[in-house]
Novice: 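Supplied in structure tokens, the structure appears directly below.
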Amino acid sequence: MTKVITSKSAPDAIGPYSHGNAFGELIFTSGQLPVCKKKGGIVDGGIAEQSRQSLVNLRSVLEAGGGDMDTVLKTTCYLANIEDFAAFNAVYADFFKTECPARSCFAVKDLPMGALVEIEAIAHRK
């Protein structure tokens with residue numbers, strides 16, 4: 001049975017999608033942009049600040065679905081500029097310290113709202 005996940009802390013969806021869905025013990029998140037719910041837009045700063053906000057939003061969705069960063073099995077990370085890879089990795093390592101999830105990370109032509117990064121995940125419930 002599928003359950004829609006909605007996080008009160010994550011920014012509202014900017015289209016016809018949910019923050020995530022749970023199916024059995026698995027959690028599938030939508031891509032999380034670096035949008036601050038309080039500010040109502042992309043956070044100020046460059047790739048480090050935007051990566052941190054995307055990961056904070058991701059954590060919020062995972063927690064709303066019954067998981068956390070330690071239950072993440074796989075992430076897919078989209079960068080607007082592959083030259084930001086090292087700076088992105090430095091922030092990513094703050095959130096995934098040991099037994100890191102599987103990951104795909106690649107550059108894309110454009111991201112919504114002019115974002116520099118977007119991150120989605122597959123996780124399991126605790």
Side-chain angles (χ1 to χ4, degrees):
M1 182 173 213
T2 302
K3 178 185 175 201
V4 173
I5 298 169
T6 302
S7 168
K8 293 181 181 178
S9 301
D12 296 334
I14 60 171
Y17 59 88
S18 62
H19 285 146
N21 286 297
F23 183 79
E25 294 302 309
L26 293 176
I27 300 167
F28 300 86
T29 74
S30 292
Q32 298 302 305
L33 292 168
V35 174
C36 174
K37 186 168 186 163
K38 290 179 184 176
K39 178 185 174 196
I42 300 281
V43 294
D44 295 330
I47 188 64
E49 294 81 7
Q50 288 195 23
S51 297
R52 185 166 312 285
Q53 185 65 53
S54 287
L55 288 160
V56 166
N57 293 344
L58 180 67
R59 181 174 56 205
S60 171
V61 173
L62 292 167
E63 289 172 353
D68 60 29
M69 298 305 265
D70 291 334
T71 68
V72 174
L73 302 169
K74 169 116 175 41
T75 61
T76 304
C77 309
Y78 308 93
L79 302 176
N81 186 343
I82 200 65
E83 292 175 8
D84 288 336
F85 185 75
F88 166 77
N89 254 352
V91 175
Y92 188 91
D94 289 340
F95 287 80
F96 297 105
K97 298 185 185 303
T98 60
E99 298 185 27
C100 298
R103 179 179 89 177
S104 298
C105 185
F106 49 91
V108 296
K109 184 176 181 303
D110 293 307
L111 289 168
M113 302 175 68
L116 300 176
V117 61
E118 183 173 0
I119 306 167
E120 64 184 16
I122 299 169
H124 64 86
R125 295 180 182 197
K126 294 192 241 180

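From a predicted model like this one, the values you see are computed outputs, not experimental measurements.
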Novice: Mind checking side chain to side chain donor-acceptor pair (under 3.5 Å) for Gln53 and listing every partner two or more places apart, or none if nothing turns up?
Specialist: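 So Gln53 forms a side chain to side chain donor-acceptor pair (under 3.5 Å) with Asn57.
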Novice: So Leu33 and Pro112, do their side chains get closer than 4.5 Å, heavy atoms only?
Specialist: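 Yes. Closest side-chain heavy atoms under 4.5 Å.
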Novice: When hydrophobic residues are tied together by side-chain contacts of less than 4.5 Å, even through go-betweens, does Leu79 share a cluster with Leu111?
Specialist: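 Each belongs to a different hydrophobic cluster.
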Novice: When clusters are formed by joining ILVMFWY residues with side-chain heavy atoms under 4.5 Å apart, either directly or through shared neighbours, do Ile5 and Leu26 land in the same one?
Specialist: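 Looking at the clustering, Leu26 is in a separate group from Ile5.
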Novice: Partners of Lys39 by side chain to side chain donor-acceptor pair (under 3.5 Å), sequence neighbours excluded?
Specialist: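 Only Asp44 meet the side chain to side chain donor-acceptor pair (under 3.5 Å) criterion with Lys39.
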Novice: Can you hop from Leu116 to Val35 via hydrophobic side chains spaced under 4.5 Å?
Specialist: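 Leu116 and Val35: separate clusters.
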Novice: On a heavy-atom basis, which atom in Gly65 and which in Ile27 lie closest, and how many Å separate them?
Specialist: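 In this case the closest contact between Gly65 and Ile27 is O-CD1, 3.5 Å.
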Novice: Hey, mind stepping through Val4 and Thr6 against side-chain contact (heavy atoms from CB on, under 4.5 Å) and telling me if it holds?
Specialist: CA-CA 7 Å; Val4 173; Thr6 302; 4.1 Å; yes
Novice: Holding to side-chain contact (heavy atoms from CB on, under 4.5 Å), I want the full list of residues that pass it with Ser7, two or more places apart in sequence or in another chain.
Specialist: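 side-chain contact (heavy atoms from CB on, under 4.5 Å) list for Ser7, sorted by chain: Ser9, Ala10, His19, Ser60, Val61, Ala64.
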Novice: Rounded to the nearest 0.5 Å, what's the gap from SG on Cys100 to CE on Met69? Could you check?
Specialist: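 If we round to the nearest 0.5 Å, Cys100:SG and Met69:CE are 10.5 Å apart.
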Novice: In this structure, would Met113 and Val43 fall into the same cluster of hydrophobic residues linked by side-chain contacts under 4.5 Å?
Specialist: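 Shared cluster, no.
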Novice: Hey, what do you get for CG (Asp70) to NZ (Lys97), rounding to the nearest 0.5 Å?
Specialist: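 Between atom CG of Asp70 and atom NZ of Lys97 there are 10.5 Å.
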Novice: Step through the shown structure and confirm whether more than 12 heavy atoms of other residues, nucleotides or ligands are within 6.0 Å of CZ on Phe23.
Specialist: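 Check fails, neighbour count at 12 or below.
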Novice: Indicate yes or no for a side-chain donor-acceptor contact from Thr71 to the backbone of Gly67 under 3.5 Å, with no hydrogens or angles considered.
Specialist: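 Looks like no, no N/O pair under 3.5 Å.
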Novice: Which pairs would a plain distance check flag for residues 82-95, meaning a side-chain donor or acceptor within less than 3.5 Å of a matching protein atom at least two apart in sequence or in another chain?
Specialist:
| unit_1 | atom_1 | unit_2 | atom_2 | d |
| --- | --- | --- | --- | --- |
| Asn89 | OD1 | Arg103 | NH1 | 2.8 |
| Asn89 | OD1 | Arg103 | NH2 | 2.8 |
| Tyr92 | OH | Thr75 | OG1 | 2.8 |
| Asp94 | OD2 | Arg52 | NH2 | 3.3 |

Novice: Return the set of residues passing side-chain contact (heavy atoms from CB on, under 4.5 Å) with Ser54 (not counting sequence neighbours), or none when no residue passes.
Specialist: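 Partners of Ser54 by the side-chain contact (heavy atoms from CB on, under 4.5 Å) criterion, ordered by chain and then number, come out as Pro34, Val117, Ile119.
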Novice: Does one hydrophobic cluster hold both Leu55 and Val72, with members joined at side-chain heavy-atom distances below 4.5 Å?
Specialist: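 Yes; Val72 is reachable from Leu55 via cluster members.
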Novice: Sequence neighbours left out, what pairs pass side-chain hydrogen bond (donor to acceptor under 3.5 Å, both in side chains) with at least one residue falling in residues 117-126?
Specialist: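 Applying side-chain hydrogen bond (donor to acceptor under 3.5 Å, both in side chains) to every pair that reaches into residues 117-126, excluding sequence neighbours, yields Asp68-Lys126, Tyr78-Glu120.
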Novice: Output the distance between atom CD1 (Ile122) and atom OG1 (Thr29), rounded to the nearest 0.5 Å.
Specialist: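 One gets 8.5 Å once the value is rounded to the nearest 0.5 Å.
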